[in-house]
Every structure is written in C-alpha cells, then in structure tokens.
Amino acid sequence: MTAELDTFAAPTRLPGPAAERPAFARSLVSRLGELAHQPILVLSWIIVLVVIGWAVAPGLFTSYGPYTGDTAASFVPPSAEHWFGTDRLGRDLFARSVYGARTTLTATLLAVIIAFGVGMAVGLVAGFAGRVADTVIMRVVDVFLAIPSLLLAMVMVSVLGYSTTNIALAVGISSIASFARVMRAQVLSVVTQDYVKAAYGLGVGRLGVMVKHVVPNSLSSVIALAALEVGTAVLAVASLGFLGYGAPPPEPEWGLLVAEGRDYVAVHPWASIMPGVALAIVVIATHRISTSFRKDHR
Amino acid sequence: MLRYVTLKVGRALFVVWAAFTLTFVLLFVLPVNPVDLLFDPAEINTIPPEVRKQVAENYGFDDPVIVQYLDRLGHALTGDFGNSVQSGRPVTAAILDVLPSTLVLASGALVLALLIAFVIALVATSTRHAWVRNLVEALPSGSVSVPVFLSGILILQIFSFRLSWFPAFGGEGARSLVLPLITLAIPVSGPIAQLLVRSFATEFHSGYVTTSWAKGATRGGIIIRDVFRNASLPAFTIAGITFGNLIAGSVITETVFARKGIGRMTQIAINTLDVPLVQGVVVLVAVSFALINLIVDLIYPLLDPRLRATLAISIPQAATGGLR
Amino acid sequence: MTDAATVTSEVTDSPGKEPREEREPLLRISDLAIDYRTGRRRWTPAVRGAGLHVAPGEFVSLVGESGSGKTTLVQGALGLLPISARIRAGSIAYSGVDVTGWNDRRMALVRGNYVGFIPQDPNTSLNPVKRIGQQVIEAVRFNDPDAGDAARHREAALESLRTAGLKDAERVFQQYPHELSGGMKQRALIAIALAGKPKIIVADEPTSALDVTVQKVILDHLVGLREELGIGILLVTHDLGVALDRSDRILVMQDGEIVEEGPVGQVLESATNDYTRRLLDAAPARHIGRLEPTSGARPVPAAASAVLEARALTKTYHLRGRGRQRELRALDATGLVVRKGTTHAIVGESGAGKSTLASILAGFTSADSGTVHVGDRELTGLRRGQLREIRRDLQFVFQNPFTSLDPRFTVSKIIAEPLVAFGSVTGKRERTARVVELLKAVALDESYLHRLPSQLSGGQRQRVAIARALALRPEILVLDEAVSSLDVSVQAQILQLLVDLQAEFGLSYVFVTHDLGVVRLISDDVTVMKDGAVVETGPVEQVFRSPRHEYTRELLEAIPGARLAPAGAN
C-alpha cells in the first residue's frame with residue numbers, strides 16, 4: 001500500500017532510470033535514501049518510538065516508581081540522578097513522565113481512532129451517497145465545527161464524569177467533524193476524476209467504484225490529517241488533564257504533572273517545565289512526521 | 001445575491017439553534033439525574049430531599065422533556081438562560097460581566113497573531129536564502145505544538161519571575177495584558193502562518209507573477225503589488241478555526257494567568273457543574289462563530305472580483321471553500 | 001544605481017550609437033547548459049549546450065516536443081528559471097551585452113525594457129484581482145526611464161492595448177481578466193509585453209491554450225507587429241506547422257539540444273536531422289488522405305449500416321442567478337450517424353458542445369430530449385442495469401491519459417477491471433492471458449503488466465486506456481480528444497494504432513477533436529459543430545474539398561501547416 005502511495009507522489013516529469021525498477025523496491029530505496037538526508041525526521045521517529053516504549057514498558061526506562069517518593073528529597077533540581085528533578089513529595093519527575101506516557105498515549109490513540117473511523121465513514125457517506133445525505137450531514141458537521149473542540153470536550157467530560165477514558169471519548173468525538181469534512185472534500189474531488197467516470201463506463205458498479213477507487217484515493221490526505229491529529233489530540237488530552245478533568249492526582253498524566261508543578265513555578269520552575277517540555281517535544285515530533293506524510297501524498 | 005445572503009443567514013441561524021439544542025440534550029436530557037448537576041458535587045449528599053424536589057420543580061425537571069425544551073428555547077430567544085447555580089445571578093449578566101475582558105484579550109491576540117503570521121509569510125517568500133526560509137517555515141508548526149499552558153508558564157517564569165518586567169497575575173492595567181496576549185497569540189498565529197506561507201508560495205509561482213517579472217518588476221514589488229492580496233484572501237477561510245483557537249486558548253491562558261474572563265468562567269462553571277451558565281457560554285460561542293462565518297461569507301466575494309462576478313450569475317458552492 | 005544606469009544605457013541605447021550593436025544580434029545564446037536539481041547534489045541536464053540568435057526584424061521559431069527543454073531555454077534567456085535550476089555553462093547576451101548570471105535587480109532592467117515576454121496560458125498569466133489597465137500601466141511605468149506623470153502612463157498603456165489589437169481599449173482598460181475571452185487576454189498580455197517598447201519579444205507557446213481560429217488571428221498579429229515595429233520575435237512552439245507558416249528561421253530542439261537549424265525553406269526541403277524528418281512526417285498536414293492500416297489496404301466501407309445513431313439531441317444546463325434562470329444550451333437538436341466499421345469525427349472549437357455530445361453518446365450524461373440508438377437498442381431512458389449491458393458494445397476513451405487511469409492500479413489491474421466487472425473471463429490465468437493479448441494489440445508487452453501509470457509515458461498510458469476499452473470486445477469506441485494531449489510524434493503512432501485496430505476488429509469510432517488536421521487522417525465522415533449545433537456534416541473528402549458553410553471554411557483556413565502540405569493537395 002505504501003509502495004503504491006509513494007509512486008503516486010513521484011514526480012512524473014522526470015522519468016529517470018529509477019522508473020525501470022519495480023514500484024516497491026524503488027520506493028523503499030528512495031525512501032531510505034531520503035531519510036538519510038533528513039536528520040530531523042529521523043530524530044522525530046526516534047522520539048516517538050521511545051515514547052511508545054515508555055508507554056509499553058516503562059520499567060525499562062527508569063528505576064524509580066511513579067508513586068513512591070523520598071519526602072526528604074523534595075524539589076531536587078534536575079541532575080544526573082533525577083533527570084527532570086523531583087516534585088513536592090520527592091517523586092522522580094522523569095519516572096512520572098515515563099509512566100504518564102501510557103495514560104496520555106492510550107487516551108490519544110483512542111481519541112484518534114474514534115475521530116478517524118467515524119469521521120471517515122461520515123465523510124464518505126456525505127461525499128458519495130448523494131445530495132440529500134450530503135446536505136443533512138454537512139449541516140450537522142457545521143454545528144460541531146461551531147463549538148471549539150476544547151469547549152465541546154469540556155462540556156462532554158462534565159456530563160460523562162472526570163476520567164482519562166472520558167477525556168479520550170470527548171476529544172475523539174469533538175474531532176469527528178473536521179475529519180468528516182476533509183474526507184468529504186477528498187471524496188468529492190476524487191469522484192470527479194476521469195478514472196472514476198471511466199470505471200462506471202467499464203461497467204463497474206457503484207459499490208465497486210467506491211471500494212476500489214474512491215476510498216483508496218481519498219484516504220491519503222485523511223491519513224496525513226490523522227498523523228497531525230495525533231499531535232493535536234496529545235495536546236487536547238494534556239490540556240484537559242491540566243484543567244483537572246482527567247485522572248485524579250496521584251495518577252501520572254502529562255497535563256496533570258504540569259498542573260501539579262504549576263503552584264511552585266515561581267520557586268521550582270522545573271517541576272512543571274520539564275514534563276511540559278517533554279510533552280512539547282513529542283508533539284513537535286509527531287507534527288514533523290505528519291508533514292512528511294503530507295509531502296508524500298500530495 | 002439576495003438568495004445568497006438569505007441562504008447564509010439561514011445557515012447561521014440553524015447553527016445557533018442546533019448548538020442550543022445540542023447543549024440542551026447534553027446537559028439536561030442525558031444526565032440520569034439532572035437535579036444533581038445543579039448542586040455543588042461536594043455538597044450533594046447533604047442536600048435534603050425536599051430541597052431537591054423543590055429545585056426540580058422550579059427548573060421544570062418534572063415536566064416532559066419537550067415542554068422543558070420549548071420553555072428553555074423560548075426564554076433563550078429573549079436572552080434568558082436562567083440563573084447561575086453558583087452565584088444565583090442571571091447567566092446573561094454573568095457573561096456580560098466578564099465578556100469585555102476576554103474581548104480585549106482575544107482581539108489583541110488576534111491582531112498580534114496576524115502580524116506574526118504575515119511577517120513569517122513575507123520573510124519566507126522574500127528571502128533568497130534557503131536556510132532562512134526553512135527556519136521561518138518551521139516556526140508555525142512549533143507554535144502549534146507547544147501546549148498553551150507550557151508556553152504560558154514559561155513566559156510567566158521568564159518575564160515575570162526572572163526579569164520582573166511584567167506583573168505575573170491579575171487582570172487590571174495594560175501591563176498585565178502583555179504576557180497573556182503573547183501567550184494566546186502564539187498558538188493562534190500557527191495555523192494562519194502555515195496557510196499564508198503556503199498560499200504566498202503558491203501565488204509567488206503562479207503565471208501572473210511570471211508576467212510581472214517579464215514586465216521588469218522587482219522581487220519586492222511583485223510580493224507587495226501582486227502576491228500580497230491574492231495570497232491573503234485564503235486567510236479568511238480559516239476564520240472559524242482561528243476563532244476556535246482563540247476560545248480554547250483563552251480558557252487556558254486565563255487559567256494560567258488567573259485573569260477574569262469567559263474562558264476562566266467557563267472552566268469554573270464546568271468544575272462546579274453550573275449547567276445554565278455552561279449552556280449560556282456554549283450558545284454565546286456558537287453565535288459568535290456563526291456571526292464571524294457569516295461576515296466572512298458576505299465580505300469575501302467583495303474582495304475577489306471573480307467571485308463578485310459568479311455571485312451575480314450563480315451561487316458559489318461556498319464562498320469560503322469554493323476558490324481553492 | 002549608477003551601475004544599473006549604465007546597464008540600461010548599454011542595453012537600450014538606440015541602435016547605431018555603438019558600433020557593436022550593429023554587428024550583434026538582439027539576442028544571442030551560446031552553448032547554454034541548464035540543469036535541474038533532482039536530488040541532493042544531483043543535477044539532471046535540461047538544456048545541453050544550446051545556442052541561438054535573433055536579429056532585428058527576424059521571426060525565429062524554436063520547435064520541440066514536451067520535455068525537449070525549449071521552455072527552460074527561454075526561461076534561462078529571461079532569467080526566469082525556477083530556483084531548482086542552474087545555468088552550468090554558456091552565455092546569454094542582448095545586443096552584445098552579456099547578462100549571464102545577472103541578479104534579479106539588474107535583470108529587471110532588461111526584462112520588459114529590452115525583451116518582452118508573452119506567456120503560455122493567458123488564463124493564469126494575468127493578476128485576477130487587478131484591472132487590465134492597471135497591469136499594463138505597471139509595465140509602462142517600470143520601463144519609463146524618467147518618472148513620467150500618471151496621465152502619460154495611462155495614455156501609453158491605452159496605446160499599447162490598441163497596438164495589441166484591442167480596438168475597444170478604453171473598455172478593456174477598466175475590465176478584470178475574468179471578464180475577457182481567452183483571445184482578448186492574450187492580446188492584453190501582448191500589450192503588456194509591448195508596453196516597455198522592447199526590441200525583441202519572446203513568446204512561449206502563446207496560442208496553445210486558444211482555439212485554432214483565435215490562434216490564427218493572434219499569430220497574424222504577431223507577424224504584423226514584427227513588420228510594423230521592426231522588432232525581433234522568438235516563438236517557442238510544439239507545433240511545427242505554426243513554426244513553418246510564420247517564421248524566417250527554425251530551430252528544432254530535442255533532449256536539450258538544438259538538432260536542426262535553418263531557414264524554413266531549407267528545413268522543409270532538406271532537413272538533415274532524423275528527428276526533424278520524423279517530426280515533419282508526423283505532422284498531420286503532411287498527409288493527403290486517410291491513414292492506411294499497416295496490415296494492408298482496408299476494405300472500403302461502402303454503404304455500411306448505421307451502428308450508432310443520434311437524433312435531435314438537446315441538452316440545456318441551468319445556471320441559477322438573481323431570481324431568474326439563465327440557460328446554457330449545450331446541444332440544440334443535434335444528430336449524428338456512425339456507419340459500421342467507419343470513423344465519424346466531431347469537430348468544433350471550445351464551447352461547441354462536442355464533449356457534451358460524446359458524453360451523451362457514451363451514456364455518461366442524459367439528454368433533455370432526442371434519442372440515441374446503439375444498433376437497434378435505444379440508449380436514452382435506460383436504467384442503470386440496462387445501460388451497463390450497452391457498455392459491452394460501446395466504450396469510451398478519455399482525453400487525458402494522466403487522469404483516466406487510477407494512479408494506484410497496475411496496468412494489469414487497469415485492463416482487467418472491465419473483465420472483472422462483467423465476470424466475462426473467469427480464472428486468474430485466463431484473465432492474465434487476455435490482458436497480455438490486449439497489451440499486444442496496443443503494441444505493449446508483458447513487461448508493462450506490473451507498472452503503475454506514473455511509470456508510463458503519455459503515449460503508453462493512452463495505449464493502456466485503449467486496451468482497457470477494447471477488453472469487452474466492443475463494437476464502438478467513443479474517443480474524446482484522445483490524442484489531443486499527446487506530442488505530435490506520439491499522436492501519429494496512436495492514430496496509426498487506432499486505424500490498425502479498426503481494420504483488425506471492425507471497430508466503429510466516434511472521434512471527437514478540435515484538430516481538423518487529425519480528422520483527415522482518421523475519419524470517413526465528419527460533423528462540424530458550433531455553439532451546440534451541427535454546422536455541416538458529410539464525408540471527409542467532400543467537406544474538406546468543398547465546405548458549404550462559412551465557419552467550416554474558416555476552420556480549414558486556420559489549420560496551421562499550409563507549407564507542410566505536399567504539392568498538389570487541396
């Protein structure tokens with residue numbers, strides 16, 4: 001699949017010798033070759049993979065526990081022993097960030113899956129099922145777009161109750177509209193392409209055209225949006241956590257870590273800044289990766 | 001033309017009505033026991049049953065849902081969203097109280113954000129050095145990646161606690177506005193700058209720019225005379241997104257800087273489950289959003305002679321999205 | 001600024017002042033080599049050591065197919081290369097002043113002032129949000145040595161518009177680009193090019209986006225300007241016919257090199273280069289009659305029965321506007337008969353309704369009224385399922401092979417798509433066998449099976465599209481401008497392929513085109529359309545030899561390449 005995506009994006013103007021090689025080999029070679037010249041992209045992938053590692057097996061990355069601290073060593077500044085320093089209760093902030101990755105990333109993943117899955121389906125129906133369905137769906141989407149997603153998520157969490165799962169649900173649901181809109185726009189533009197008209201002309205049925213031509217060709221830009229949404233969702237989850245709508249305090253959630261340190265920011269700035277910077281770096285990395293997707297599929 | 005305006009106004013009204021209905025369903029219908037939402041969660045167990053019953057009656061929770069809905073909708077049309085549970089004041093008054101402070105913050109941040117975005121786009125387009133362009137183009141994606149609460153805390157730490165240039169908290173005086181303004185402007189400028197960088201680049205490589213080169217125009221002249229206007233128009237298309245960012249950003253900014261405003265009030269209203277106030281805020285936001293999009297839809301065609309022409313003949317699909 | 005001032009005087013001083021100028025041509029490009037960056041530290045040459053010169057009052061044409069580097073060459077001459085390109089070697093000199101490597105600021109003094117440029121696509125080359133007048137005034141002002149007053153600039157701009165052949169200059173002055181037709185926009189661009197009073201005009205495919213009758217008028221005007229103002233003209237074109245008709249001297253470019261150069265007569269009589277001769281042979285105007293199939297003479301389709309018949313087709317598009325309805329009549333009682341085993345061409349300029357007609361014939365669009373018969377079955381008013389059955393007999397080939405193939409499908413999947421859809425060939429092996437058979441029919445081999453469209457050239461793609469259309473063994477092919485987007489040499493190959501396939505399978509073609517030259521090569525019958533109505537219809541021979549309608553005559557006269565026609569034809 002990715003091999004095909006790549007050649008789709010390959011410039012058609014300059015058919016070099018590379019065009020003779022089979023599609024998958026060409027794209028793999030060229031892709032690795034490109035990576036070597038993009039150190040920041042490589043770094044971004046490493047960061048994201050490491051953070052996924054934190055979420056999967058936090059014990060491998062730190063010897064401290066997330067909940068237990070040495071009250072005697074409260075507010076130790078960042079050092080070789082405590083990379084991010086310690087908090088009021090003397091808990092190692094790096095350890096808390098590592099363990100917090102699981103909470104934050106699981107919520108993010110859930111949110112993106114909801115937004116992507118539902119948004120894609122809704123957008124596809126709107127773009128493909130005809131005028132009436134389109135009008136109805138898009139008016140509803142308008143309404144969801146009219147309420148900023150953070151606000152909508154806040155309202156939903158207040159009704160559903162405070163928890164990380166509910167944050168994930170709320171963030172996911174409030175992002176459905178933008179996915180639906182992008183997917184619909186893509187579908188509408190693919191539907192006017194000659195190859196779709198050609199498929200009808202060749203006797204392919206509506207369902208066949210949708211599955212074989214419309215969906216695969218529309219997906220690429222929605223996938224790029226999904227990659228971007230990972231970063232946005234991490235931010236939204238952390239923001240809601242920061243505002244106190246997520247897991248209750250002892251839990252190490254990234255937004256909550258920043259919020260906990262915030263009260264001491266004047267004297268012990270690292271307590272909120274270190275976890276916050278870690279969070280920002282992860283989001284920047286996901287943005288860089290999503291940009292590379294977008295360039296591939298343009 | 002009249003048809004076009006009617007259509008757009010109709011859509012705006014629909015959005016506002018639907019936002020009201022949505023919040024009604026979310027806040028008054030979905031919760032199993034909506035009366036509970038009207039009390040502070042901490043005190044809920046101490047409320048005697050007869051008080052609950054009294055309150056439920058007052059709020060009409062015993063009536064059928066449709067009656068409650070029509071009653072609330074009727075009042076909302078006159079600007080009455082009920083009383084705040086916390087303060088007991090009318091929702092409208094509570095909102096109007098803090099609205100000016102948020103308006104000042106948001107509009108100031110918007111102006112600053114636009115300024116940042118245009119500077120980034122202009123530098124990226126006019127520079128001849130690839131490294132300057134790459135550097136400048138990386139800024140917007142950085143600015144949307146850094147969480148607002150972090151940039152707020154960092155700015156607070158550096159300019160207030162370390163350098164003592166500006167006061168840390170509090171809402172009065174122009175000096176106290178500077179740091180929140182910058183904090184809010186950063187994330188808002190990101191998407192605008194990304195869009196402008198892209199559209200400046202597209203327009204800079206378009207056919208009419210080649211014509212201008214051939215006329216003997218210089219790089220600066222082309223950017224100012226030809227590219228600027230054509231490339232700026234698309235910025236209107238993300239007015240809605242910008243508005244959303246401003247609202248979301250002001251919730252966090254006002255919390256971090258402990259400033260009075262709609263954002264902070266919303267946060268407190270949600271923390272204390274002040275349902276009428278929450279509904280009032282959501283509807284206010286939806287109204288503003290619909291109004292902004294309506295204005296953009298009506299102004300956009302006036303700025304683009306091509307659309308002006310199509311408008312006279314037919315209705316464009318959507319003035320905001322139809323061009324590119 | 002002093003530096004710039006000397007530059008201007010060097011370049012623009014009236015001829016005769018400096019002895020050098022009398023000897024030197026207006027533009028001389030020597031051994032120019034231009035590369036494109038295709039990767040990190042990797043450069044691909046686009047122009048390899050090309051040279052040319054244009055003398056005062058001379059009309060020179062640079063001819064080449066797509067990818068020959070002709071556009072890159074003129075971009076280099078004007079200093080308009082994209083940043084991904086670099087000049088590796090060679091020099092560019094205007095009247096003996098070497099401008100190679102000049103920066104934008106210095107080149108700005110040459111452009112407009114000394115060399116005017118007419119771009120390719122008039123539709124994108126004018127600023128959409130500015131009035132025409134403003135855009136011409138800018139061109140005047142940039143090149144006015146002393147800062148004159150606004151009124152004089154305005155007068156000069158109007159004068160320039162008039163010189164460009166816009167009679168109603170005052171009105172055009174106030175208009176926006178979208179309010180003008182393509183031909184008028186191109187005239188406005190000519191006015192802009194003339195506004196700086198240049199000594200030489202470089203025109204890059206100035207008419208390829210325009211209708212053939214408009215092309216003729218614009219080219220006539222350029223030739224007139226050359227005589228009137230004594231300027232030099234460098235025309236870049238893909239159309240050998242246009243070049244031969246208009247120029248004094250011709251250069252042929254292939255793969256970044258100039259492969260042929262000489263006065264028109266000489267090139268026509270005794271082209272030394274193989275490629276030039278192939279181009280000459282490929283030009284439609286070179287042939288008198290219809291192409292013969294390679295397998296031998298084709299049976300004359302005398303009195304063949306009708307296989308496709310359209311009667312009184314009407315199609316109106318409704319445009320909603322300020323309360324009242326505006327209508328666009330795309331087709332007005334149009335009819336057409338295609339005889340079995342023959343080709344029927346539909347010819348017309350843009351807006352003639354020919355594509356709407358093709359779309360209705362193929363069942364993509366439904367007509368408001370009228371009937372279409374395929375054999376003895378009526379196509380109009382069929383439901384989706386019944387229409388699908390018709391598709392076995394009637395297939396469609398699109399204009400643009402770059403958009404009509406799904407970019408994610410391999411060639412084998414593309415060609416097999418109709419076979420799968422109709423379930424006509426069961427079993428994977430049988431299907432592959434049929435696909436290979438079809439590939440062979442369009443002169444491609446098995447090695448193409450697993451390629452993606454992006455790995456094929458335009459001609460190869462169109463072959464694949466034709467193979468796909470043939471998969472169901474249809475009787476009729478509707479070809480909508482199927483060769484229009486291809487280079488002339490590829491076009492000739494595809495036309496030959498179509499003729500061969502017709503002889504082999506007894507196909508009937510509906511051939512929609514704007515190019516009358518091609519019609520003669522492939523058609524038996526022709527229908528000329530204008531504004532949604534049929535102007536004239538009949539056998540090709542008859543229509544070409546003695547057109548009855550004024551418009552047909554006009555179209556025929558506008559076909560470029562009169563000098564290409566072998567003696568004795570027409």
Side-chain angles (χ1 to χ4, degrees), chain A residues 40 138-140 142-160 162 178 181 185 188 228 231-232 234-236 238-239 241-245 254-255 258-259 261-262 265-267 269-270 272-273 275-288 290-291, chain B residues 11-12 14-19 21-23 26-27 30-31 37 138 141-142 144-151 153-154 156-158 160-162 168 187 240-241 243-249 251-252 255-256 263 266-267 269-271 273 275 278-279 281-282 285-290 293 321:
Chain A
I40 297 182
M138 287 325 285
R139 288 299 76 79
V140 174
D142 274 353
V143 176
F144 277 88
L145 289 174
I147 307 172
S149 46
L150 184 76
L151 186 60
L152 187 60
M154 281 165 74
V155 173
M156 274 192 275
V157 171
S158 75
V159 174
L160 295 169
Y162 298 175
S178 53
R181 204 168 65 153
L188 285 180
L228 190 69
T232 316
V234 170
L235 278 184
S239 296
F242 174 82
L243 292 173
Y245 302 128
W254 289 354
V258 180
R262 189 185 146 229
V265 68
V267 205
W270 67 87
S272 62
I273 287 174
V277 168
L279 168 63
I281 288 172
V282 172
V283 179
I284 291 174
T286 59
H287 273 209
R288 179 65 194 87
S290 87
T291 321
Chain B
R11 275 191 193 173
F14 171 79
V15 164
V16 173
W17 166 78
T21 309
L22 180 71
T23 47
L26 269 178
L27 296 168
L30 283 186
L37 295 181
S141 90
V144 294
S145 303
V146 178
V148 185
F149 51 81
L150 177 69
S151 52
I153 289 173
L154 278 175
L156 200 61
Q157 170 69 19
I158 296 169
S160 188
F161 298 142
R162 285 283 135 94
I241 293 169
F243 175 71
N245 287 340
L246 277 172
I247 293 293
V251 172
I252 311 258
T255 305
V256 169
T266 310
Q267 201 231 336
I270 282 177
N271 284 348
L273 287 172
V275 175
V278 172
Q279 189 181 34
V281 170
V282 173
V285 168
V287 168
S288 323
F289 177 88
N293 268 359

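Letters A, B, ... are given to chains in the order of the sequence lines, protein chains preceding strands, and every chain is numbered from 1. In this text, all values refer to a predicted model and were calculated from it rather than measured experimentally.
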For this session: Dump the intermediate steps for side-chain hydrogen bond (donor to acceptor under 3.5 Å, both in side chains) on Ser141(B) and His287(A), then the final yes or no.
Result: CA-CA 7 Å; Ser141(B) 90; His287(A) 273 209; 4.9 Å; no
Problem set entry | Interface moiety of Val144(B) toward chain A, non-hydrogen atoms closer than 4.5 Å | both
Problem set entry | Heavy-atom contact with chain B under 4.5 Å, split by part of Ile284(A) | both
Problem set entry | Distance, nearest 0.5 Å, that separates CE of Met156(A) from CG of Leu27(B) | 11.0 Å
Problem set entry | Ser149(A) side, atom OG; Ile247(B) side, atom CD1 - distance, nearest 0.5 Å | 12.0 Å
Exercise. Leu160(A), Ile273(A), Val234(A): which one forms the most heavy-atom pairs within less than 4.5 Å of chain B?
Worked result: Ile273(A)
Exercise. Are side-chain heavy atoms of Val15(B) and Arg139(A) found at a separation under 4.5 Å?
Worked result: no
Problem set entry | Nearest-0.5 Å distance, OG of residue Ser145(B) to CG of residue Leu235(A) | 7.0 Å
Exercise. Are any non-hydrogen side-chain atoms of Tyr245(A) and Asn271(B) less than 4.5 angstrom apart?
Worked result: yes
Problem set entry | Heavy-atom side-chain contact between Val148(B) and Ser239(A) under 4.5 Å | no
Exercise. Just wondering, are more than 12 heavy atoms of other shown residues or ligands nearer than 6.0 Å to CZ in Phe243(B)?
Worked result: yes
Problem set entry | Nearest-0.5 Å distance, OG1 of residue Thr255(B) to CZ of residue Phe242(A) | 7.0 Å
Exercise. Where on Gln267(B) is there a heavy atom nearer than 4.5 Å to chain A: the side chain, the backbone, both, or neither?
Worked result: both
Problem set entry | Val283(A) vs Pro147(B) side-chain heavy atoms within contact, under 4.5 Å | no
Exercise. Does the side chain of Ile147(A) reach to within under 4.5 Å of the side chain of Phe289(B), using non-hydrogen atoms?
Worked result: no
Problem set entry | Distance-minimising heavy-atom pair for Val143(A) and Ala18(B) | CG2-CB, 3.2 Å
Exercise. Relative to chain A, which of Leu246(B), Ile252(B), Val146(B) shows the most heavy atom pairs under 4.5 Å?
Worked result: Ile252(B)
Exercise. So, do Asp142(A) and Phe14(B) sit near enough that their side-chain heavy atoms are less than 4.5 Å apart?
Worked result: no
For this session: Check whether any side-chain heavy atom of Phe149(B) sits under 4.5 Å from a side-chain heavy atom of Leu243(A), and report yes or no.
Result: no
Exercise. Would you find more than 12 non-hydrogen atoms of other residues, nucleotides or ligands less than 6.0 Å from Ile40(A) atom CD1?
Worked result: no
Problem set entry | Heavy-atom side-chain proximity of Leu26(B) to Val155(A) below 4.5 angstrom | yes
Problem set entry | Least distance between heavy atoms, Ser158(A) atom then Ile270(B) atom | CB-CG2, 3.6 Å
